[in-house]
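Step one of this worksheet: look at the structure below.
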Amino acid sequence: MVQDARPALSLRGLCKSFGKPAVDRLDLEIARGEFYALLGPNGAGKTTTLRMVAGLLPPDAGEISIFGVDARKAAVEAKRITAWLPDEPMLYDKLTPLEYLEFVAGLWSVPTATAEKRAEELLATLGLADNARQRCEGFSRGMKQKVALAGALIHDPQLLMLDEPLTGLDAQAARQVKDLLRERTRAGCSVILTTHILEVAERLADRIGIIQRGRLVAEGTMSQLQAQAGGEGRSLEDVFLHLTRESDAVEGRAA
Amino acid sequence: MLQFAAPASFLWFAAHDGRLALRRVRAFFGKSAGAGRVFAILGVALAFFHALAFGAARMAADHYRGDVRSLYPTVATGMLFILPWIVSQALTNATRALYSRGDLDIILASPMSPRPVFFARAIAIAMESIISVAIFILPIADMMALVLDWRWLAIYPTLLAAGLFGTGIGLFLTLALFRICGPRRTRTVANIFATAIGAAFAIGLQAVNIAPAAFRERLQQAVQGARLTGLLDVDGILWAPVRAATGDPRALLAWTAIAVTVFALAAATLSGTFASGVVATIGAEAAGAADRQGRPARFRGGVGRALRLKEWRLLTRDPQLVSQIFLQIVYTMPISVVLWRAMGPNGSAALAIAPALVAVASNISASLAWLTISSEDAPEFLATAPVTRGEVERRKLEAIAMPLLALLGAPMAFVFLSSWRAGAITLFYVIAAATSTALLNLWHPVPSRRGDLFRRHSQSKIVAMIEHLLSLFWALALACTAFGSLWAVAAIACAIGVLMTQKPKGGVLATA
């Protein structure tokens, strides 16, 4: 079997401005089966980047390629193989998790038998089997987040984009989600995730990108970033603060 | 604003609630409406209603001839409209206070007695109800005082008392429903109840109009006989609000005393119950949701099926939609009644209900379109699906058709059974009206929450106006076609013309 050599996600010169640049000539590449964490301070451009990849925001300039599919020219094709999970779960309160998954599976044209089987498995894995036929309106935020995650996974996406997926989850639920994501990357799914919980990025990510003012200021494996920050054994928090401060200083000098 | 009163006192809470109520009134004029815009709209509306009231006062002067009693039936009719409306408003607002608690959670969690909180909230509810009718009623008081007699200014305190009385009754009703139906179902039942009460007088009038002539005669005799003595005597207690409005000081005093007593009784005796009611609603609906087991999903594929099924599920689970549809049917019925009676003894019931069907179809189609398009819960999620926006919109329009068919199927069958020709004409106009208002809402979506269904017309005044015009033109076109008038062509042209002015540039449905 020939392994697909095309990157899961390739961004070239991606720009988006809301008066001032939110994403500024961003270049980024994620390999198949890679778990990539995109970190950055508030307003750094993480969510804007993911929203452009998901097709929710048109970029001002630049290229977005998902497994070789030009996401700007062939949006529907690109969406067929991606999933986007925002920090606020996008659910229908009056639907049950099963009905929601049935709806999502329909939108992505997942064959009936496959959809049914995956829905059962996902709900069981995420600890929602007992709630499968209750309306989501009574669910806690964490439960809603898990239903939304199940929705993002039911069509078995090749690229999964997660914006702060662990917000509002308790320890047990966070573990379930992390296990599920690990299992997905092992199965070949590429994951790009933004998070403020640096420990999650440190433990899960193959590579970490740090974005500030819409630009990638550092990228690499944990050890590469530690080296870049000038010290092995430093925590990701130290590395993150060091690199973002350094970037601030460079910007200040340039100004 | 709150500094003049001691913290946590009744006045302090009243000021707090007054501020929230004023903001709700302001929100009615649009989310971004500033004070200047609100005052300008109110000023124009007041000038308009004063002009209308001046005409009405001049007409009343012709009947007046120095005997105020000659105007009692008119004032009583007005009262029968206003009081149920206030009760219905109070019911709606009290339910909202119970369920959309907002700040009540934090207030009731604070170390204070719930009594002043509830009392202040009850007054805010009364004020909101009064304001909702004051703009129509007070210009009448001004003009009657100007044209006839200054004592008509008594309408001001009479309306205030009516607000307190209606609110008192509304509060009692809310808590009675709470006791009978339980916290989980009260919101839905109260919505339907409020709609029914608000339209009670309109329904009553129509019921009398539809009733056989012999029954109406007997009813009239009974009322006239009862007027001489007993409760229906114009000098009796039941007519006190009417006499109060016409400036009778004793009646005004009595009416005010009754209203204040009912209101105070409701507010004072029920404050504890209200507080426990608020606590009971916490999690009640969630618990209800947990109990409501959905049917097993069948996972039959297809984008179209998935989108339609999702919309149908959400529509059938919308508690407000039922009362909204009920209200629209109730308010559209008079068209049929007036037409039927105008046709005389040989009139066709089918022909009489046809224009009402067109009006109902256009209104309900607009509401359904608004729910499925403007208040889509997860628009961004749909935007990430591998489906074009055009397909999503087409499926949503298809989804609207089914509930319309379910609702109008029986009356349409009745029209068809009466006459194939009438049925075909009605069907054509029903489809045209429903399609045009659905398209209007598709072309001009106003992102909103489903809960704002009742206020959807306040979100875009232009869309609301066009929607009413479309409904009117299509009903008119049907009537003209039914009577063989060529004016039908003009009405159709007007409807299409008005709709086309709203078509966005770049095509009917989005394609990407």
Side-chain angles (χ1 to χ4, degrees), chain A residues 51 53-58 74-86 88-120 130-140 148 151-152 154-155 161, chain B residues 184 187 282-321 371-372 375-392 395 399 449-451 510-512:
Chain A
R51 287 171 68 85
V53 178
L56 294 172
L57 265 181
V76 171
E77 283 313 302
K79 286 172 182 178
R80 211 175 289 287
I81 50 174
T82 57
W84 148 256
L85 183 71
E88 278 297 323
M90 298 182 293
L91 286 183
Y92 299 92
D93 278 351
K94 300 279 180 194
L95 294 186
T96 68
L98 264 183
E99 288 167 347
Y100 175 71
L101 295 182
E102 182 197 14
F103 170 59
V104 182
L107 285 182
W108 264 265
S109 304
V110 182
T112 305
T114 315
E116 217 159 336
K117 188 167 167 280
R118 276 195 204 143
E120 272 176 30
D130 291 342
N131 311 96
R133 288 178 193 169
Q134 294 166 1
R135 291 190 197 166
C136 296
E137 60 194 328
F139 287 6
S140 68
I154 193 153
H155 58 96
M161 292 169 279
Chain B
R184 195 188 307 164
R187 176 136 73 167
I282 300 171
E285 287 188 311
D291 290 349
R292 282 193 283 271
Q293 301 282 324
R295 271 194 214 167
R298 287 184 195 148
F299 284 92
R300 282 190 198 137
V303 174
R305 184 185 174 275
L307 278 162
R308 283 193 302 268
L309 193 61
K310 177 263 238 186
E311 295 303 343
W312 291 336
R313 279 175 171 153
L314 294 180
L315 289 175
T316 52
R317 292 169 191 181
D318 196 315
Q320 284 197 322
L321 188 61
L371 277 172
T372 55
S375 60
E376 163 63 48
D377 291 319
E380 292 208 326
F381 170 70
L382 284 183
T384 63
V387 187
T388 61
R389 192 175 147 200
E391 172 150 24
V392 172
R395 302 306 185 187
R449 290 179 303 114
R450 299 183 85 86
T511 52

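Reminder, nothing fancy here: chain letters follow the sequence lines and each chain counts from 1.
- Between B:A306 and A:G106, the shortest heavy-atom distance links the atoms CB-CA, 3.6 Å.
- Distance CZ/B:F381 to CZ/A:F103: 6.0 Å, rounded to 0.5 Å.
- With respect to B:T384, the side chain to side chain contact (heavy atoms under 4.5 Å, CB included) criterion is satisfied by exactly one of A:L85, A:L56, A:L107, A:V53: A:L56.
- Within the model, atoms CG of A:L95 and CG of B:L314 stand 4.5 Å from one another, a figure rounded to the nearest 0.5 Å.
- Between A:M90 and B:E380, the closest heavy-atom pair is SD-CB, 3.5 Å.
- Heavy-atom distances place the side chain of A:I154, and not its backbone, under 4.5 Å from chain B.
- A salt bridge links B:R313 with A:E102: the closest approach of a Lys/Arg side-chain nitrogen to an acidic carboxylate oxygen falls below 4.0 angstrom.
- Taking OH from A:Y92 and CZ from B:R450, the interatomic distance works out to 9.5 Å, rounded to the nearest 0.5 Å.
- Counting all heavy atoms, side chain and backbone alike, B:P386 lies closest to A:W108 at CD-CE2, 3.2 Å.
- For B:L309, the part sitting under 4.5 Å from any heavy atom of chain A is the side chain, from C-beta outward, and nothing else.
- The CD atom of A:E99 lies 4.0 Å from the CZ atom of B:R317; values are rounded to the nearest 0.5 Å.
- Contact between B:V303 and A:S109 at its shortest, heavy atoms only, is CG2-OG, 3.8 Å.
- Both the backbone and the side chain of A:A54 come within contact range of chain B, with heavy atoms under 4.5 Å apart.
- Residue A:L101 touches chain B through both its backbone and its side chain, counting heavy-atom pairs closer than 4.5 Å.
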